[in-house]
Colleague: 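Below is the structure I would like to discuss, written out as structure tokens.
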Amino acid sequence: MYTQALNSPEEGSLAEDAVRASRFQSRIDAEERIEPNDWMPSAYRKTLIRQISQHAHSEIVGMLPEGNWITRAPSLRRKAALLAKVQDECGHGLYLYAAAETLGASREELVDAMLAGKAKYSSIFNYPTLTWADIGVIGWLVDGAAIMNQIPLCRCSYGPYARAMIRVCKEESFHQRQGYEIMLTLCRGTAEQKAMAQDALNRWWWPVLMMFGPPDQASQHSDTSTKWKIKRFSNDELRQKFIDATVPQAQYLGLTIPDPEMKQDEQGHWVHGPIDWNEFKQVLAGNGPCNRDRLAARRKAHADGAWVREAAAAYAEKRARRQMAQAAE
Amino acid sequence: MATPNTPLWEVFIRSRNGLAHKHCGSLHAPDATMALQAARDLYTRRGEGLSIWVVPSSAITASDPADKGMMFEPAESKIYRHPTFYEVPEEVGHM
């Protein structure tokens, strides 16, 4: 909503901006929500457009690794659940694009930036889904990590983003449970099935920890995002919460976390070994195992749908013209 | 790779419980029929509603947030419009 009204950046004298900025910050400090037509610093707007659209792209690209297994799901029950989950991811992408648009970015320019490879999306979706167990791990860990990240965003200072996240979190809780159920079934199955589950955990564990982003001392966006209450917890805090929640779940499955250095400290927190941040940088730079595939698949889907968009637009125009002519009679 | 701008629609859904249609989000669609179909797919995947309205976003006139003081202050000072303003003795019971 309000999308079109915001396309022109507001111009004001610097002194006036300073007054507005301090009023803006005191609204944030008072836990008020910022709404689309409210005054906001242009850096706040820019940060949110970047973050929300990246989040939307992640949901859309995130359909690809799982979509890979829809036709090969081991039963109708699993297939129906996976199909519903992938459909949800698409819906989440659309809620988020709509939230980004309230800040004055158009849907077309956001999507085009992703297709052109200029916009980022979550590093995790550049890894391949080699076996059915990967679908279990994605639901359990990738969605688990996403929920950990998204729950604090339900209280984000920007109203439309917070509201979209509330909807997303509500729908996403089934995703994690269906993933864990897949893992549980495999771990209670044959030795071969359990080995498949362990292998999937081995491949996904480290990329999942990287989903929380670089360590606190290296993160470039955190300070202002925290001041603006876009971000409520640091990357390392969320990563720690996730690990502490996940280790007992892995133990229940009888699986081993592939980190020989992991140990429990005196407060009961599970401390992880060193993360290969070079791998993370490489994946973000476009050199992960599937970056080229993912972009190629998105571009193909967009190009293949072009005739549908054109036909729908032409039909809408024809109908509108006919209605005008009838009204004139 | 530019694509034509598709109009934006606001979606309102009336839930099972008989309450009024409530705004739940927006979407892009070339015409009203497709907007309704997309709203069904996007906003009612879990039985959220029994009726959908779609309205072109451009047809909505909104109040200006800058005027909110002027717009809503008159209501704020009239506490006698609320039932709690009036005293009813305890002996009278619930009213």
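Naming convention: chains lettered A, B, ... in sequence-line order (proteins, then strands); numbering from 1 in each chain. Scope of the values below: all heavy atoms of this structure, side chains included, with no hydrogens, waters or symmetry mates.
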Colleague: Out of A/Glu317, A/Glu35, A/Arg167, return the one with the most heavy atom pairs under 4.5 angstrom to chain B.
Modeller: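 Counting heavy-atom pairs under 4.5 Å, the top option is A/Arg167.
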Colleague: In sequence, state the C-alpha distance, the side-chain angles, and the governing distance for A/Lys318 and B/Asp31, and then conclude on salt bridge (charged side-chain N to carboxylate O under 4.0 Å, His left out).
Modeller: CA-CA 11 Å; A/Lys318 186 179 89 179; B/Asp31 61 29; over 6 Å; no
Colleague: Go through the steps for B/Tyr86 and B/Tyr80 under the test ring pair (Phe, Tyr, Trp, His ring centres under 6.0 Å), then give the verdict.
Modeller: CA-CA 8 Å; B/Tyr86 301 94; B/Tyr80 48 85; 8.1 Å; no
Colleague: Taking side chain as everything from C-beta outward and backbone as N, CA, C, O, which of these in A/Tyr97 sits under 4.5 Å from a heavy atom of chain B? Side chain, backbone, both or neither.
Modeller: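 The answer is neither part of A/Tyr97.
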Colleague: Taking A/Asp29 as the fixed residue, which of A/Glu32, A/Glu31, A/Gln25 is the one that meets the side chain to side chain contact (heavy atoms under 4.5 Å, CB included) rule?
Modeller: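 Only match with A/Asp29 under side chain to side chain contact (heavy atoms under 4.5 Å, CB included): A/Gln25.
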Colleague: As an exercise, state the distance from NE2 of A/His55 to CD1 of A/Ile60, rounded to the nearest 0.5 Å.
Modeller: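 Reported to 0.5 Å precision, the distance equals 11.0 Å.
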Colleague: So which part of A/Glu171 gets closer than 4.5 Å to some heavy atom of chain B, the side chain, the backbone, both or neither?
Modeller: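 Contact with chain B involves both backbone and side-chain atoms of A/Glu171.
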